Amino acid sequence: MKILVCISHVPDTTSKINFTANDSLFDTNGVQFVINPNDEYGLTRAIWFQEQQGAIVTVVNVGGPETEPTLRKALAIGANDAIRVNTDPSDSFFVAKQLAEVIKNGAYDIIIAGKESLDYNGGMVPGMIAGILGYNFLNSCTDILVDGTTVKAIREIDGGRETVSTTLPLIIGGQKGLVEEKDLRIPNMRGIMTARTKTLTVVEPVDAPINTKVVKFEKPAPKSAVKLVAADNLDELINLLHNEAKVI
């Protein structure tokens, strides 16, 4: 079984976010980048398939050379090899086209992508890949079991969970639940040293339209100061909740 795990290179949530060029570009200075959390759950699940069912695990990223440390971390966690598509991930459809080309060339059985990335939260790429390739697609997956070419998966839906059965090849949009947070793997020294010798292939992008562009970034408005209301002044509290906070 061949598994491809799509890896996004995203800012750590503790990083201070700023913008340049009239707020149209993300300022990467001083920002620490990590594996997208939803992708890390998927990678850990793929390594489980590697250990339990002998799967071959490849990780892929669309990005420039600055993303290679993130791919090397994925290799240190246990992936067999890595692919980097050498282009800026500027548009969801453009990224989906690049990944679809990698999938066609590699003939993968399962493609695991995070249901959304931590930076833009678009949640579009896995479904777009499935649409381009005509593959089965399950989003918001929290569990997946494979028996031959048959797959049983659990996904979150509004108000509960849904258990579905499908067949390979399959694309899933994974999230927390594929593995528990306590099961996420930290690369050890042996893994880090081994990752240096694993193959990281760089491929050039295929032609694809870029249909969207960033016009402007805007930070959330700062929180207003806390207003304290005396415990015996219920009329004032109700007035503030109704007319200012607009929650009643």
Side-chain angles (χ1 to χ4, degrees), residues 4-44 46 58-79 82-99 102 112-126 128 173-176 178-179 181-182 184-189 191-193 195-196 198 200-205 208 210-223:
L4 182 70
V5 182
C6 303
I7 298 291
S8 291
H9 174 77
V10 302
D12 190 299
T13 55
T14 61
S15 298
K16 186 176 181 180
I17 302 301
N18 290 301
F19 306 105
T20 60
N22 294 322
D23 292 335
S24 64
L25 291 176
F26 173 56
D27 186 0
T28 60
N29 290 321
V31 174
Q32 178 68 37
F33 284 84
V34 297
I35 297 174
N36 180 51
N38 284 324
D39 301 340
E40 193 168 4
Y41 291 120
L43 173 61
T44 306
T58 300
V59 291
V60 62
N61 166 262
V62 178
E66 70 280 358
T67 69
E68 291 193 4
T70 298
L71 286 173
R72 288 291 178 192
K73 180 181 178 182
L75 292 172
I77 288 172
I83 299 169
R84 179 173 67 82
V85 182
N86 187 32
T87 186
D88 180 39
S90 55
D91 171 81
S92 294
F93 181 74
F94 179 80
V95 169
K97 287 286 286 186
Q98 307 310 317
L99 294 174
V102 171
I112 303 177
K115 71 171 186 176
E116 61 183 357
S117 61
L118 191 69
D119 46 7
Y120 293 105
N121 299 107
M124 295 183 283
V125 171
M128 285 182 172
Q175 63 178 54
K176 184 177 180 179
L178 278 175
V179 297
E181 197 163 348
K182 63 180 177 61
L184 294 175
R185 304 193 178 196
I186 299 174
N188 55 31
M189 184 56 66
I192 293 170
M193 297 302 293
R196 295 180 179 179
K198 291 181 178 178
L200 197 165
T201 303
V202 179
V203 299
E204 293 305 313
I210 297 176
N211 298 317
T212 61
K213 67 176 182 179
V214 173
V215 176
K216 184 180 181 181
F217 290 104
E218 187 174 338
K219 292 183 179 181
K223 292 183 179 179

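Quick caveat: nothing in here was measured; it's all calculated off a predicted structure. The basis for the numbers below is simple: all heavy atoms, side chains too, and nothing from hydrogens, waters or symmetry mates.
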[X]-[Y] side chain donor-acceptor pair, cut-off 3.5 Å:
| X | Y | answer |
| --- | --- | --- |
| Thr67 | Asn61 | yes |
| Ser24 | Asn22 | no |
| Thr212 | Asp91 | yes |
| Asp12 | Thr14 | yes |

Quiz item: Would a distance-only check, ignoring hydrogens and angles, find a side-chain to backbone donor-acceptor pair under 3.5 Å from Lys198 to Leu75?
Solution: yes

Search all heavy atoms of [X] against all heavy atoms of [Y] and return the closest pair with its distance.
| X | Y | result |
| --- | --- | --- |
| Val60 | Leu71 | C-CD2, 4.3 Å |
| Lys73 | Pro187 | CG-CG, 3.9 Å |
| Pro89 | Gly63 | CD-CA, 4.1 Å |
| Val5 | Ala46 | CG2-CB, 3.6 Å |
| Leu43 | Ala79 | CD1-CB, 4.4 Å |
| Ile112 | Gly42 | CG2-CA, 3.6 Å |

Heavy atoms, side chains only, cut-off 4.5 Å: are [X] and [Y] in contact?
| X | Y | result |
| --- | --- | --- |
| Ile17 | Phe26 | yes |
| Leu184 | Glu40 | yes |
| Pro11 | Gln32 | no |
| Phe94 | Ile210 | yes |
| Val34 | Val10 | yes |
| Ile7 | Thr70 | yes |
| Asp39 | Cys6 | no |

Quiz prompt | Worked verdict on Ile77 versus Ile35 for side-chain contact (heavy atoms from CB on, under 4.5 Å) | solution = CA-CA 11 Å; Ile77 288 172; Ile35 297 174; 4.2 Å; yes

Nearest 0.5 Å, what's the [atom1]-[atom2] distance between [X] and [Y]?
| X | Y | atom1 | atom2 | result |
| --- | --- | --- | --- | --- |
| Leu4 | Ile83 | CG | CD1 | 6.5 Å |
| Lys213 | Ser90 | NZ | OG | 12.0 Å |
| Tyr41 | Lys176 | OH | NZ | 5.0 Å |
| Glu116 | Gln175 | CD | CD | 9.0 Å |
| Thr87 | Lys97 | OG1 | NZ | 14.0 Å |

Practice problem: Would you please test Leu200 and Glu68 for side-chain contact (heavy atoms from CB on, under 4.5 Å) and show each step? | Solution: CA-CA 8 Å; Leu200 197 165; Glu68 291 193 4; 4.1 Å; yes

Practice problem: State which residues pass side-chain hydrogen bond (donor to acceptor under 3.5 Å, both in side chains) with Lys219; sequence neighbours excluded, sorted by chain then number. | Solution: Asn18

Quiz item: What residues form a side-chain hydrogen bond (donor to acceptor under 3.5 Å, both in side chains) with Asn38, not counting sequence neighbours?
Solution: none

Quiz item: After noting the C-alpha distance and the side-chain angles of Asp27 and Phe19, does the key distance pass the side-chain contact (heavy atoms from CB on, under 4.5 Å) rule?
Solution: CA-CA 5 Å; Asp27 186 0; Phe19 306 105; 5.8 Å; no

Quiz prompt | Geometric class of the His9/Phe33 ring pair [parallel <30°, tilted 30-60°, perpendicular >60°] | solution = parallel

Quiz item: Under 6.0 Å from the CD atom of Glu66, do we count more than 12 heavy atoms belonging to anything else shown?
Solution: yes

